[in-house]
**Q** 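First the structure, then my questions, so here it is.
We count ligands from 1, going down the list as the structure has it; atoms in each ligand are counted the same way.
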Amino acid sequence: MSVLVVGSIALDTVKTPVEEHADLLGGSASYAAVGASFFTPVNLVGVVGDDFPSAHIDYFGSRQIDLTGLQTVPGKTFRWSGEYMWDLNTRETRSVELNVFEHFNPVLPAGYQSAPYVLLANIGPNLQNHVLDQMQRPRFVIADTMDLWINIALDELLRLLARVDMLILNDGEARQLTKETSLIKAAAKIRAMGPAYVVIKKGEHGALLFGPNAQFFSCGAYPLEDIHDPTGAGDTFAGGLAGYLAAQDHGTVTFESLRKGVVFGSILASFNVEKFSLERLRTLTQADIDERYASFRRMSQFEVLA
Ligand code: AMP
């Protein structure tokens, strides 16, 4: 089963305490689509300007990513710039240039409208809603969001939450959205807003998955010595999770497959942060993923302690 991914496609400038790189391939949909493509074919919906390097489009095409839904329009591509503090956890946005994104109208090609699995990667909730308006009856819809939309587009976000099966957000955003300190209470409140499942990401401390009937799963983060660029970790996580789910399609989504999807999402994200932009994903192999999955599994097995 293929997965439909919609989100931003960007040229990023990223500064860490030791390095700075400009005009990198970035954007929530770029990371998410490539992440998902390790598991299943992807249909990508997004917009770029006529300055967008054709090499990046070729790269998407070299993965199993269908580009019928990618619009190239006159003007400049969306640009984002961010700077990480010494802990690589705290980030400040230095600048955002919407450019062609300002008038982006995501139009789904006919063949995409019946997609069973949908990942609404981070973009304005008005655009995420607009994509859902064009869909028939997706089996499972995952949405990602960010603090900006909780601040400036809360009503649209709440409208979206009533229509999705899973929301992915980080711990700070979950607290901001619900005004709860406890992440357990926050997840319950978010589930009451619509999505049956909620994933709360805790950066270097892993992720929590919540579902109906008190279903709960805590996934650690793979221990990495060197992180070079955390940008896109969340998007790659979401892409890996969505791609894994679509690949496992059994007609319904089970908590078991969601648990495993969270583990594969975490593994994909752990590779992504090892290099700038999508550089690590470019050379990643199935064998690398399998090896890290096996070692992550050994690390997480409690039974051996009994
Ligand atoms: P993450 O590190 O997971 O928060 O995602 C970072 C990516 O999100 C970067 O590649 C940016 O280009 C993209 N991004 C940043 N701000 C926005 C925004 N307001 N809307 C859509 N994408 C954004």
**Q** Kindly confirm or rule out a cation-pi arrangement of Arg191 over Tyr197, judged by NZ or CZ under 6.0 Å from the six-membered ring centre and within 45° of its axis?
**A** no

**Q** Counting only heavy atoms and a distance below 4.0 Å, can you name the residues contacting ligand 1?
**A** Ser8, Ala10, Asp12, Gly26, Gly27, Tyr31, Phe78, Trp80, Arg91, Asn122, Met146, Leu148, Trp149, Thr231, Gly232, Gly234, Asp235

**Q** In a table with atom names and distances, give each donor-acceptor pair under 3.5 Å that connects a side chain of residues 128-139 to protein atoms at least two apart or in another chain.
**A**
unit_1: Gln128; atom_1: NE2; unit_2: Leu120; atom_2: O; d: 3.2
unit_1: Gln128; atom_1: NE2; unit_2: Ala121; atom_2: O; d: 3.2
unit_1: Gln128; atom_1: NE2; unit_2: Asp144; atom_2: O; d: 3.0
unit_1: Asn129; atom_1: OD1; unit_2: Arg163; atom_2: NH1; d: 3.0
unit_1: Asn129; atom_1: ND2; unit_2: Pro125; atom_2: O; d: 3.2
unit_1: Asn129; atom_1: ND2; unit_2: Glu156; atom_2: O; d: 3.2
unit_1: Asn129; atom_1: ND2; unit_2: Glu156; atom_2: OE1; d: 2.7
unit_1: His130; atom_1: NE2; unit_2: Asn105; atom_2: OD1; d: 2.8
unit_1: His130; atom_1: NE2; unit_2: Gln134; atom_2: NE2; d: 3.4
unit_1: Asp133; atom_1: OD1; unit_2: Arg163; atom_2: NH1; d: 3.1
unit_1: Asp133; atom_1: OD1; unit_2: Arg163; atom_2: NH2; d: 2.8
unit_1: Gln134; atom_1: OE1; unit_2: Leu108; atom_2: N; d: 2.8
unit_1: Gln134; atom_1: NE2; unit_2: Pro106; atom_2: O; d: 2.8
unit_1: Gln134; atom_1: NE2; unit_2: His130; atom_2: O; d: 3.1
unit_1: Arg139; atom_1: NE; unit_2: Gly251; atom_2: O; d: 3.3
unit_1: Arg139; atom_1: NH1; unit_2: Asp249; atom_2: OD1; d: 2.3
unit_1: Arg139; atom_1: NH1; unit_2: Asp249; atom_2: OD2; d: 3.0

**Q** Regarding Ser257 and Tyr244, is there a side-chain donor-to-acceptor distance under 3.5 Å anywhere?
**A** no

**Q** Applying a strict under-4.5 Å side-chain criterion to I, L, V, M, F, W and Y, I'd like to know whether Leu98 and Val100 cluster together.
**A** yes

**Q** Would Arg282 pass as a cation-pi partner of Tyr59, given that its NZ or CZ must be under 6.0 Å from the six-membered ring centre and within 45 degrees of the axis?
**A** yes

**Q** Does NZ or CZ of Arg63 lie under 6.0 Å from the centre of the six-membered ring of Phe38, at an angle within 45° of the ring axis?
**A** yes

